[in-house]
Each structure stands twice: as C-alpha cells, then as structure tokens.
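Report on one structure; see the data block that follows.
In what follows, chains are A, B, ... by sequence order, proteins preceding strands, each numbered from 1. Keep in mind it's a predicted model, so treat the numbers as computed, not measured.
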Amino acid sequence: MEIVGTYVRPGSVAEAEAIQEELRSRLRFAPLAARPSTVAGLDVAYAGDGEGDGLVAAAVVVLDAVTFEVVDQAVSVERPSFPYVPGLFAFREVPALLSALRALRTEPDVLVCDGHGLAHPRRFGLACHLGLLTGRPSFGVAKTPLLPASVPGAERGASTPLLLDGEEVGRTLRTRPGIRPVHVSPGHLVDLDSCVALTLALTPEYRLPETTRKADALSRVTLKEALSATS
DNA sequence: GCGACAG
DNA sequence: ATCTTGTCGC
C-alpha cells in the first residue's frame with residue numbers, strides 16, 4: 001500500500017516526545033464513512049534485545065471484514081532502531097511495520113494495531129503514528145493499559161471509559177465474558193464508537209481481534225525463519 | 001526521591 | 001516482547 005508520510009527517527013527520548021507532541025495536532029477523528037470491506041492487523045515479534053543486535057519481525061495481515069479470510073499479507077525483518085521505552089513504543093515498531101505495509105499490494109480500509117492510540121500519556125500511541133504515516137483509518141487494541149483503567153462488567157460488550165484529564169480517550173472493553181478486557185482507542189480518521197464496534201465485530205471467538213491474532217502468528221513464524229536462516 | 005510503565 | 005512444564009479443555 002501507499003505510505004504518504006515520512007518517518008522521522010528520533011535521536012533521543014526528548015526528541016521522540018517532541019515528535020509525538022508535534023504530530024498529534026494533525027490527528028482527525030470521525031465515524032467511519034462506510035462499513036470497511038477489508039481490515040488489516042499488525043504485529044511484531046522480537047529476538048534478542050538492544051538496538052544494534054536483535055531482530056524485529058513485523059507482519060501485516062489483511063482480512064475480508066466479513067469472512068475473515070486472508071486477502072493479502074506482507075512481512076519485514078529489520079534491526080530495532082530504538083530501545084523499548086513505555087510511551088515511545090512506536091519508535092521501536094513503526095519502521096519495520098511501514099516496510100511491511102509498503103509491501104502490501106492492497107489498500108486496507110482500516111488498520112488494527114497491537115497497542116494504544118489516543119489512550120496514551122501524550123495522546124499519541126502507535127495507532128496514531130501509523131494512521132498519520134499511512135493516511136488510513138487506524139486504531140489500537142492493547143492487552144494492558146497505559147493509563148489507569150477500571151473494570152467493566154463481566155459480560156461481552158461491557159466497557160468503561162479510559163480517561164485522560166477528564167476526557168474519554170479510549171475504552172476498556174470486555175470481548176469475552178469473564179476474561180480480561182482489552183483497551184481500545186482511536187488512532188486516526190476513526191472515532192471511539194467505531195473502534196469499539198469494529199473490535200467487537202473482530203472478536204467473535206477470542207479475546208483479541210482476528211486481525212492481531214493472525215498478524216501475531218505470522219510475525220512469529222517470520223522471526224523463526226529469519227533466525228534459522230541467519231544461524 | 002522511588003517505582004510503574006503499550007510491546 | 002521473551003524465557004518456560006505441565007495442565008485444563010474443546
């Protein structure tokens with residue numbers, strides 16, 4: 001798919017935070033124009049640690065929004081170029097994810113990211129970053145909160161707001177009865193209600209969206225193959 | 001000041 | 001994220 005933005009690699013934590021503060025003013029939010037026909041899931045698997053060593057395998061899987069069948073997919077294996085820092089997580093994953101997205105031959109209607117969007121200390125999580133760089137609607141579904149979260153009801157679909165300065169920036173959503181909820185937040189070009197509805201549509205059976213489940217599996221096998229090819 | 005902190 | 005045995009369940 002086409003990448004419309006340019007990724008800027010920060011040279012320091014302070015610079016990374018400044019980039020987030022600057023970029024967040026470009027975010028736009030609105031209900032999804034139409035029911036998406038294809039949905040992309042993104043995920044990354046790691047080997048090793050630091051920045052110079054280690055490997056990062058990014059995977060993108062595009063699913064038919066109705067049948068969940070895979071209509072396209074792409075991967076990329078690179079060296080991590082930024083350390084893991086909570087809140088700056090995107091700078092570690094975005095480069096490899098962009099490479100994978102670029103290799104896609106289709107234009108997915110929405111990107112589902114494995115991490116946060118607006119539900120972030122500076123309101124600029126991974127999903128926001130990827131949304132801006134691709135110019136496509138995007139949102140995040142995270143397994144653990146970055147902001148204080150409260151416990152929703154035990155039934156599927158129950159949710160509680162994720163608040164930042166009194167504003168609802170995301171929602172803690174139960175996708176499976178009695179199972180740990182996920183944390184959903186808009187990235188770019190979607191609104192919170194659309195994200196939540198889509199997340200529920202993508203979780204007919206498991207806690208996590210089918211998109212991220214498939215991307216997770218692909219990123220792992222890709223990493224494993226890359227490791228065996230290197231050794 | 002100290003710890004906690006998406007993946 | 002990743003490191004890991006057995007174990008419960010469909």
Side-chain angles (χ1 to χ4, degrees), chain A residues 10 13-14 16-17 19-20 23-24 41-61 75-98 100 111-131 138-150 162-164 169-173 175-188 192 195 199 204-209 211-228 230-231:
Chain A
V13 165
E17 292 176 341
I19 289 172
Q20 293 183 326
L23 289 181
R24 82 176 194 197
L42 299 77
D43 195 22
V44 169
Y46 299 94
D49 204 8
E51 295 152 66
D53 52 327
L55 282 183
V56 44
V60 185
V61 178
V75 300
S76 175
V77 179
E78 304 179 1
R79 327 232 61 155
S81 61
F82 201 82
Y84 170 67
V85 180
L88 300 180
F89 167 58
F91 295 98
R92 189 167 171 74
E93 300 205 341
V94 163
L97 285 171
L98 276 186
L111 309 182
V112 183
C113 307
D114 184 34
H116 296 288
L118 268 188
H120 172 281
R122 283 172 299 281
R123 300 178 192 231
F124 199 79
L126 173 67
C128 301
H129 216 136
L130 284 171
S138 68
F139 67 95
V141 178
K143 296 180 284 298
T144 61
L146 204 40
L147 302 174
S150 50
L162 279 166
L163 301 173
L164 182 59
V169 292
R171 214 165 276 162
T172 297
L173 175 70
T175 55
R176 292 288 295 158
I179 292 180
R180 258 194 324 147
V182 296
H183 307 85
V184 182
S185 60
H188 186 44
L192 184 51
C195 303
T199 300
E205 190 173 3
Y206 298 99
R207 175 169 89 116
L208 297 178
T211 38
T212 75
R213 285 169 43 76
K214 292 215 164 65
D216 177 80
L218 180 57
S219 68
R220 294 191 196 218
V221 300
T222 300
L223 177 64
K224 187 172 273 185
E225 288 170 359
L227 288 174
S228 63
T230 301
S231 63

Give the rounded distance in Å between these two atoms: [atom1] of [X] and [atom2] of [N].
X	N	atom1	atom2	result
A:R122	B:dA6	CZ	P	13 Å
A:E78	B:dG7	CD	P	21 Å
A:L118	B:dA6	CG	C1'	14 Å
A:L97	B:dA6	CG	P	18 Å
A:L146	B:dA4	CG	C1'	10 Å
A:L130	B:dG7	CG	P	15 Å
A:E17	B:dC5	CD	P	18 Å
A:F91	B:dG7	CZ	P	17 Å

Select base, sugar-phosphate, or nothing to describe what [X] touches, counting heavy atoms under 4.0 Å on all strands.
X	result
A:G140	nothing
A:L42	nothing
A:P145	sugar-phosphate
A:H183	nothing

Checking the side chain of [X] only, and the main-chain atoms of [Y] only, is there a donor and an acceptor separated by less than 3.5 Å?
X	Y	answer
A:S76	A:A58	no
A:R24	A:R122	yes
A:R176	A:E205	yes
A:R92	A:F82	yes
A:H116	A:C128	no

Q) Considering residues at least two apart in sequence or located in another chain, which fulfil the ring pair (Phe, Tyr, Trp, His ring centres under 6.0 Å) criterion with A:F124? A) A:H129
Q | side chain to side chain contact (heavy atoms under 4.5 Å, CB included) involving A:C195 - partner list, sequence neighbours excluded | A | A:F139, A:V184, A:P186, A:V190
Q.
If you apply the rule side chain to side chain contact (heavy atoms under 4.5 Å, CB included), what do you find for A:T211 with A:V61, and how did you get there?
A. CA-CA 7 Å; A:T211 38; A:V61 178; over 6 Å; no
Q.
If you compare every side-chain N and O of A:T144 against the phosphate oxygens of B:dG7 (OP1, OP2), does one of them come in below 4.0 Å?
A. yes
(Q) Between A:L42 and A:L130, does the side chain to side chain contact (heavy atoms under 4.5 Å, CB included) criterion hold? Intermediate values first, please. (A) CA-CA 10 Å; A:L42 299 77; A:L130 284 171; 3.8 Å; yes
Please write out each protein N/O paired with an N/O of nucleotides 1-8 of chain C under 3.5 Å, distance rounded to 0.1 Å.
from, atom 1, to, atom 2, distance (Å)
C:dA1, OP2, A:K143, NZ, 3.1

Q: Identify, with sequence neighbours excluded, every residue that meets side chain to side chain donor-acceptor pair (under 3.5 Å) alongside A:K224.
A: none
Q: Could you tell me whether A:K214 and A:D43 have a side-chain N and a carboxylate O separated by less than 4.0 Å?
A: no
(Q) Does A:L147 form a side chain to side chain contact (heavy atoms under 4.5 Å, CB included) with A:L163? I'd like the steps, not just the answer. (A) CA-CA 8 Å; A:L147 302 174; A:L163 301 173; over 6 Å; no
Q. How does DNA chain B look in dot-bracket notation if pairs are Watson-Crick or G-U with both distances under 3.5 Å, crossing ones as [ ], other-strand ones as |?
A. .......
Q) Want to know the stems of DNA chain C: at least 3 consecutive Watson-Crick or G-U pairs with distances under 3.5 Å, which are they? A) none
